[in-house]
Amino acid sequence: QAWLALQSSLISTVVQAVVVTRQEEGSFGPVAGWSRLDGEDADPIRLTGVLEQVIDEQCGLLVELEGSAGGFGIAYPLLIDEQLIAVVAMEVVVTADDDLQVAMGQLQWGIAWLELLYRRRQAGEDTAALTRLKAAVDLLAAALSEEHFAGAAMTFVTELAVVANCSRVSLGFLHGRQVRVEAVSNSADFGRKMNLTRAIALAMDEAILQRRELLYPPPEGAEVLILRDHEALSRQQNQVRIATFPLFSQDCYYAALTCERPEDQPFSVEEIEFFRAVAALVGPALEAKELNDRSLPVKARDSAGTQLSRLLGPHYLGRKLFVLLLLALVVFFSLAKGDYRLVADTSLEGAIRRVVVAPFDGYIGKAPVRAGDLVKKGALLCTLDNRDLRLEKLSRVSQVSQLQRQYQDVLAKHERAQANIIRAQLEQANAELALLETKLARTRLLAPFAGLVVRGDLSQRLGGAVQKGEVLFEITPLNSYRVILEVDERRIADVHVGQSGILVLSSLPNEQYKFTVSKITPITTAEDGRNFFRVEAHLETVTESLRPGMEGIGKIFIDRRKLISIWSRDLVEWLQLWAWTWLP
């Protein structure tokens with residue numbers, strides 16, 4: 001108000017002026033006014049338009065006022081760090097443009113005085129805030145320097161009593177529904193059942209129940225609150241002044257801080273702010289120490305209670321949904337059953353495999369067939385060179401003819417003894433001739449039945465020698481197969497003859513073939529670091545697309561059991577073996 005009067009006196013053309021500042025709720029309101037006019041002629045409402053325009057545009061303005069003969073409105077904002085703090089508006093009556101320039105320049109220079117005032121006040125407030133912050137940080141450091149909660153709480157209240165010039169500072173924590181005093185300044189050994197301790201605890205309860213900071217005696221014009229326990233404590237301690245601050249964290253009040261002073265030392269607004277800052281800064285640290293010092297059973301009990309209250313209380317929707325999902329899974333796995341199928345690597349073999357061998361030592365003549373070819377019954381597989389056999393046959397035929405003539409001659413001469421000898425030679429020659437004819441017939445190796453040649457390729461050995469008994473070809477039929485399953489030794493006890501299953505081949509993934517277990521070979525085979533049993537089965541249906549040697553996955557149906565037992569069986573058995581290995 002003084003500045004506005006001085007500023008208006010320096011500008012002779014001013015008839016009225018007003019200063020508006022930003023209020024706590026964000027709007028602007030008048031804080032000072034000045035006028036040369038009489039009460040009836042003064043009308044600051046005429047400056048409302050220019051004020052609102054400056055607030056919106058945040059720059060100095062000069063406008064002509066309506067309803068004022070020769071009157072102009074000039075306004076200038078006070079900006080501190082790009083924030084609008086206040087606006088000064090004046091109504092001037094001038095006769096020349098130079099007067100307007102002088103008035104606008106003088107107002108712009110005068111605004112600097114307000115800026116200096118504001119910055120000085122802000123610097124003072126910042127200094128006080130820094131002082132309070134330093135004291136609060138020192139109190140926090142003192143509390144954190146103690147290892148346990150009892151020592152930290154005692155150090156905190158004692159230091160706070162010295163810093164804040166209090167006769168006594170008490171700290172209490174909420175346990176259940178009542179506050180328990182944990183520390184009293186300058187009183188290392190205080191009885192929890194003393195009248196003073198009970199009175200302080202009741203005062204703390206009173207503040208926490210009302211969820212308000214309580215001051216006794218209450219300031220003038222303050223909100224009416226219940227202060228019965230504070231009054232009783234003050235009367236018990238010779239009418240001291242009391243301030244109690246409830247500590248709030250994580251959506252609940254967990255402690256309270258009570259400060260006491262003599263009657264002639266009231267609590268100022270700055271001191272109340274200091275206590276609030278200290279409680280907000282040091283309170284969580286003390287709470288953490290108090291929680292950490294609890295015994296393990298108490299921690300477990302409190303943690304279980306907290307989780308249960310969160311689960312049954314409001315909020316925490318995600319946790320409730322997770323528990324419901326977990327319960328649904330438990331019920332599902334407790335009741336749901338499924339087919340237990342044993343999975344094993346599987347391959348196809350022909351039910352019969354006929355071997356074609358060399359009938360005698362010889363040489364390969366022709367070989368029109370090789371592995372992978374389909375042959376019909378009686379189809380030519382290969383031939384052996386028969387030139388030596390034909391020559392030997394001609395020799396034997398000539399020998400037989402000669403012996404027949406000799407036999408007829410001796411019969412004509414009635415030489416019986418000689419005839420018997422020649423007849424024996426003739427029979428021997430006929431036998432040898434028959435043997436040659438048989439060998440000649442066996443030079444053509446034919447397919448014993450229709451099927452697939454699974455082994456044998458003589459196309460690269462034409463003219464090569466073969467020995468008697470050497471395997472030349474292997475043939476298997478296409479209408480009969482054996483299913484070979486490699487069952488892990490850990491699961492062989494589940495397999496029995498007669499069980500059914502389904503086979504899916506790698507080359508025919510869209511088709512399923514049913515089979516029945518027919519034989520279990522009681523000998524293990526080691527391969528790729530694992531042991532397995534060979535289990536044989538026969539297919540119920542055979543299609544033309546099947547071929548020997550195909551591989552896939554077979555599943556043997558064992559029984560129906562709970563899904564959780566099926567999925568966890570490997571883990572349970574591994575744990576059993578581990579326990580058997582390590583436990584005595």
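These numbers were taken from a predicted model, which means no experiment stands behind them. Values below: all heavy atoms of this structure, side chains included; hydrogens, waters and symmetry mates excluded.
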**Study point:** Shortest non-hydrogen contact from Ala75 toward Val50
**Key:** CB-CG2, 3.7 Å
Review point. Under a 4.5 Å cut-off applied to non-hydrogen side-chain atoms, are Leu78 and Ile111 in contact?
Key: yes
Review point. So how far is it from Phe156 CZ to Leu144 CG, rounded to the nearest 0.5 Å?
Key: 11.5 Å
Exercise for review: Find the distance between CZ (Phe72) and CD (Glu64) and round it off to the nearest 0.5 Å.
Suggested key: 4.5 Å
Review point. Backbone N or O of Ala164 within a donor-acceptor pair of the Arg261 side chain at under 3.5 Å?
Key: yes
**Study point:** For Glu147, all residues meeting salt bridge (Lys or Arg N to Asp or Glu O under 4.0 Å), sequence neighbours excluded
**Key:** none
Review point. So which heavy atom on Tyr254 is nearest to which on Ser249, and how close?
Key: CE2-CB, 3.4 Å
Practice item. Could you walk me through whether Phe149 and Phe173 pass ring pair (Phe, Tyr, Trp, His ring centres under 6.0 Å), step by step? Key: CA-CA 12 Å; Phe149 167 73; Phe173 272 75; 5.2 Å; yes
Check your understanding: Rounded to the nearest 0.5 Å, how far does CG of Asn531 lie from CD1 of Ile492?
Key -> 12.0 Å
Point to revise | Electrostatic pair Arg530:Glu486 at N-O distance under 4.0 angstrom | key: yes
Review point. Are the side chain of Glu146 and the backbone N or O of Ala153 linked by a donor-acceptor pair below 3.5 Å?
Key: no
Check your understanding: Would you say the side-chain atoms of Trp34 pair up with the backbone N or O of Leu6, donor to acceptor, closer than 3.5 Å?
Key -> no
**Study point:** Minimum heavy-atom distance Ser145-Ala142, with the two atoms named
**Key:** OG-O, 2.6 Å
Check your understanding: Between the side chain of Gln7 and the main-chain N/O of Gln106, is any donor-acceptor distance below 3.5 Å?
Key -> yes
Check your understanding: Do Ile85 and Thr21 touch side chain to side chain, with heavy atoms closer than 4.5 Å?
Key -> no
Review point. Salt bridge (charged side-chain N to carboxylate O under 4.0 Å, His left out) between Lys134 and Asp138: does it pass, once the steps are laid out?
Key: CA-CA 6 Å; Lys134 180 180 181 301; Asp138 291 340; 3.2 Å; yes
Study note, to complete from the structure: For Ala199 and Leu233, the nearest pair of non-hydrogen atoms, with its separation, is CB-CD1, 3.8 Å
Check your understanding: Within the side chain of Arg241, is there an N or O that forms a donor-acceptor pair under 3.5 Å with the backbone of Glu263?
Key -> yes
Check your understanding: Do Ser35 side-chain atoms and Gln16 backbone N/O form a donor-acceptor pair below 3.5 Å?
Key -> no
Exercise for review: List the steps, then state whether salt bridge (charged side-chain N to carboxylate O under 4.0 Å, His left out) holds for Arg276 with Glu271.
Suggested key: CA-CA 9 Å; Arg276 289 173 184 166; Glu271 290 172 334; over 6 Å; no
Review point. Near Lys555 NZ, under 6.0 Å, is it more than 12 heavy atoms from other residues, nucleotides or ligands?
Key: no
Review point. Hey, is Arg180 close enough to Glu182 for a salt bridge, meaning N to O under 4.0 Å?
Key: yes
Exercise for review: Report yes if the side chains of Leu202 and Glu206 come closer than 4.5 Å at any heavy-atom pair, otherwise no.
Suggested key: no
Review point. Where do Gln237 and Ser167 land on the side chain to side chain contact (heavy atoms under 4.5 Å, CB included) test, with the steps shown first?
Key: CA-CA 11 Å; Gln237 300 300 316; Ser167 59; over 6 Å; no
Exercise for review: Give a yes or no answer on whether the side chain of Gln210 reaches the backbone of Ile208 with a donor-acceptor pair at less than 3.5 Å.
Suggested key: no
Check your understanding: Stepwise, does the side chain to side chain contact (heavy atoms under 4.5 Å, CB included) test hold for Ile80 with Glu115?
Key -> CA-CA 7 Å; Ile80 304 295; Glu115 182 178 355; 3.3 Å; yes
Exercise for review: Drop me the distance from Leu62's CG to Gln101's CD, to the nearest 0.5 angstrom.
Suggested key: 10.0 Å
**Study point:** Partners meeting side chain to side chain donor-acceptor pair (under 3.5 Å) with Arg569 (sequence neighbours left out)
**Key:** Tyr340, Asp494, Glu573
**Study point:** Verdict with supporting geometry, His148 and Glu290, side-chain hydrogen bond (donor to acceptor under 3.5 Å, both in side chains)
**Key:** CA-CA 8 Å; His148 297 289; Glu290 195 268 342; over 6 Å; no
Point to revise | Listed partners of Asp56 passing salt bridge (Lys or Arg N to Asp or Glu O under 4.0 Å), at least two apart | key: none
Exercise for review: Could you tell me whether the side chain of Ser303 and the main chain of Lys299 form a donor-acceptor pair under 3.5 Å?
Suggested key: no
Exercise for review: Check whether any side-chain heavy atom of Leu214 lies under 4.5 Å from a side-chain heavy atom of Leu227, and answer yes or no.
Suggested key: yes
Exercise for review: Can you sort out the partners of Glu260 under salt bridge (Lys or Arg N to Asp or Glu O under 4.0 Å), two or more places apart, ordered by chain and number?
Suggested key: Arg168
Exercise for review: Using the side chain to side chain contact (heavy atoms under 4.5 Å, CB included) rule, take Glu91 and Val14 through it: C-alpha gap first, then chi angles, then the decisive distance, then the call.
Suggested key: CA-CA 6 Å; Glu91 180 183 353; Val14 174; over 6 Å; no
**Study point:** Minimum heavy-atom distance Leu281-Val137, with the two atoms named
**Key:** CD2-N, 4.0 Å
Revision key, fill the gap. Separation between CG (Leu114) and CG (Leu4), nearest 0.5 Å, reads 9.0 Å
Check your understanding: Any ion pair linking Arg198 and Asp229 (charged N to carboxylate O, less than 4.0 Å)?
Key -> no
Check your understanding: So, Ser565 side chain and Lys562 main chain: donor-acceptor pair closer than 3.5 Å or not?
Key -> yes
Practice item. Decide yes or no on side chain to side chain contact (heavy atoms under 4.5 Å, CB included) for Thr258 and Val169, but give the supporting numbers first. Key: CA-CA 6 Å; Thr258 299; Val169 176; over 6 Å; no
Point to revise | Under 3.5 Å: donor-acceptor pair, side chain of Arg294, backbone of Leu291 | key: yes
Practice item. Could you tell me which residues satisfy salt bridge (Lys or Arg N to Asp or Glu O under 4.0 Å) with Glu82, sequence neighbours excluded, listed by chain and number? Key: none
Check your understanding: Going by heavy atoms in the side chains, are Val298 and Leu296 under 4.5 Å from each other?
Key -> no
Review point. Among pairs that include at least one residue of residues 574-584, which meet side chain to side chain donor-acceptor pair (under 3.5 Å), considering only residues two or more places apart or in two chains?
Key: none
Practice item. Please examine the side chains of Tyr253 and Leu247, heavy atoms only from C-beta on, and report whether any two atoms are closer than 4.5 Å. Key: no
Point to revise | Side-chain heavy-atom pair Ile553, Asp345 within 4.5 angstrom cut-off | key: yes
Review point. Just how far is it from atom OH of Tyr316 to atom NZ of Lys320, taken to the nearest 0.5 Å?
Key: 8.5 Å
Review point. So, for Ala203 and His230, which heavy atoms are closest and what is the spacing to 0.1 Å?
Key: O-CE1, 3.2 Å
Point to revise | Residues Lys337, Asp559; criterion salt bridge (charged side-chain N to carboxylate O under 4.0 Å, His left out); working and verdict | key: CA-CA 10 Å; Lys337 292 185 177 181; Asp559 56 17; over 6 Å; no
Point to revise | Heavy-atom check, side chain of Leu311 versus side chain of Val323, under 4.5 Å | key: yes
